[in-house]
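Written below as structure tokens is the structure these notes are about.
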There are 2 protein chains.
Amino acid sequence: MSKDICHCIVLRKASRRVSSYYDEALAPLGVNIAQFSLLRNIDRMAPVSLTDLGARVELDRSTVGRNAKVLERMGLVDIRPGKDQREATLTVSDAGRVILKAGGPLWDSVQEDIEARLGPDGIDRLRELLAVL
Amino acid sequence: MSKDICHCIVLRKASRRVSSYYDEALAPLGVNIAQFSLLRNIDRMAPVSLTDLGARVELDRSTVGRNAKVLERMGLVDIRPGKDQREATLTVSDAGRVILKAGGPLWDSVQEDIEARLGPDGIDRLRELLAVL
DNA sequence: TCATTTTTCGGGTATATACCCACGAACGCG
DNA sequence: CGCGTTCGTGGGTATATACCCGAAAAATGA
């Protein structure tokens, strides 16, 4: 029975596998897909608080905080207090923008590989299935 | 364009979300889905080496080693040297078998929820799509 | 204005995951 | 039977992720 296979584990494996494709492609830039994606989100929302960013990327606030700190240490992101003294305001630095620009084509390439492998409607069908989970 | 959305991130989000469903269901037993699944695999392959187990679950050997050590600390798995003195031989303990038995119905329940949400052919289509990645 | 509650972080702790390297065991070839 | 090679772990390091708790700031209500 195929029903014996854990749906969760299938997903986790695929997630790890696919992540590694993106990670390899982005490796020349020294960032992985989680970092690159977070950087993009910060760029789109900047200046943004950890809470808002966490909501957007569907990650725990503390996770986003720690991940952002790594980006800060790399010099790709600036973290400063906002008007609201509680808030940490995130913005992409110049170095971060360089990475964003350089990573675009690398990311595109993997996206296209995935699309090629899934076929014309594959992406849409996959996304539809994942959306209900 | 839906093509702007990172296929990898979609997968990672779904993976985290679905994992949390299983984690919640298994929480009364004090194990998460990664641990439960690993325990099941050890049970099926016992006695098994870290290398073989890693190959089976598609995880790095060192990752499996560390995860197994957590299970050992919980008393669910025994790790002993095998005939080949290099090998760590994993077997499920009595306490581990209790968890496996108790977890079965909890796991089934989440599996069914997922299947219900994906519809009759959903699982097969999803699995098919993920398989080519 | 002041006390209470809510919000926002940060740190502690723990697991999951991977890569690299060192060490010791096993094995195969002269 | 040695010796070099291969194999299997373990430990170090680093990121990703989550949950809980405490501190500090802001908002709210009397």
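Order of the sequence lines fixes the chain letters, A, B, ..., with proteins taken first and strands second; residue numbering starts at 1 for each chain.
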Residue [X], side-chain heavy atoms: nucleotide from [options] that is nearest:
X	options	answer
B/Gln85	D/dG11, C/dG11, C/dA26	C/dA26
B/Arg16	C/dG24, C/dT17, D/dA18	D/dA18
B/Asn32	C/dA25, C/dA16, D/dG11	C/dA16
A/Asn67	C/dA25, D/dA16, C/dC19	D/dA16
A/Asp60	D/dT17, C/dA26, D/dC19	D/dC19
A/Ser62	C/dG11, D/dT15, C/dT8	C/dG11
A/Val70	D/dA16, C/dC9, C/dT15	D/dA16

State whether [X] places a side-chain N or O below 4.0 Å from either non-bridging phosphate oxygen (OP1 or OP2) of [N].
X	N	value
A/Arg12	C/dA16	no
A/Lys69	C/dG11	yes
A/Thr63	D/dA16	no
A/Ser49	C/dC9	yes

Taking [atom1] from [X] and [atom2] from [N], how many angstroms apart are they, rounded to a whole number?
X	N	atom1	atom2	value
A/Glu24	C/dT17	CD	P	18 Å
A/Asp84	D/dA23	CG	P	19 Å
B/Arg66	D/dT13	CZ	P	11 Å
B/Glu87	C/dA26	CD	P	10 Å
A/Arg61	D/dC21	CZ	P	14 Å
A/Arg86	C/dT6	CZ	P	13 Å
A/Leu50	C/dG11	CG	P	11 Å
B/Glu72	C/dT15	CD	P	13 Å

Is a side-chain donor or acceptor of A/Gln111 paired with a backbone partner of B/His7 at a separation under 3.5 angstrom?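 Between the backbone of B/His7 and the side chain of A/Gln111 there is a qualifying donor-acceptor contact (under 3.5 Å).
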Exam field: side chain A/Thr89 to backbone A/Ser49, donor-acceptor pair closer than 3.5 Å: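 Side chain of A/Thr89 to backbone of A/Ser49, a donor-acceptor pair under 3.5 Å: no, none is there.
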Contact summary for [X] and [Y], nearest pair of heavy atoms:
X	Y	result
B/Leu130	A/Ala14	CD2-CB, 3.9 Å
B/Ile33	B/Asp23	N-OD1, 2.8 Å
A/Lys13	B/Arg56	NZ-O, 3.8 Å

Scan B/Ser20 against the nucleic acid and name what it touches under 4.0 Å (heavy atoms): base, sugar-phosphate only, or nothing.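 No contact at all - B/Ser20 keeps every heavy atom at 4.0 Å or more from the nucleic acid.
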Between atom CH2 of B/Trp107 and atom CG of B/Leu100, what is the distance when rounded to the nearest 0.5 Å?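 So the gap between those two atoms works out to 12.0 Å.
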By nearest heavy atom, map A/Leu59 and B/Asp52 onto DNA chain D; which one lands nearer the 5' end?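 Of the two residues, B/Asp52 wins.
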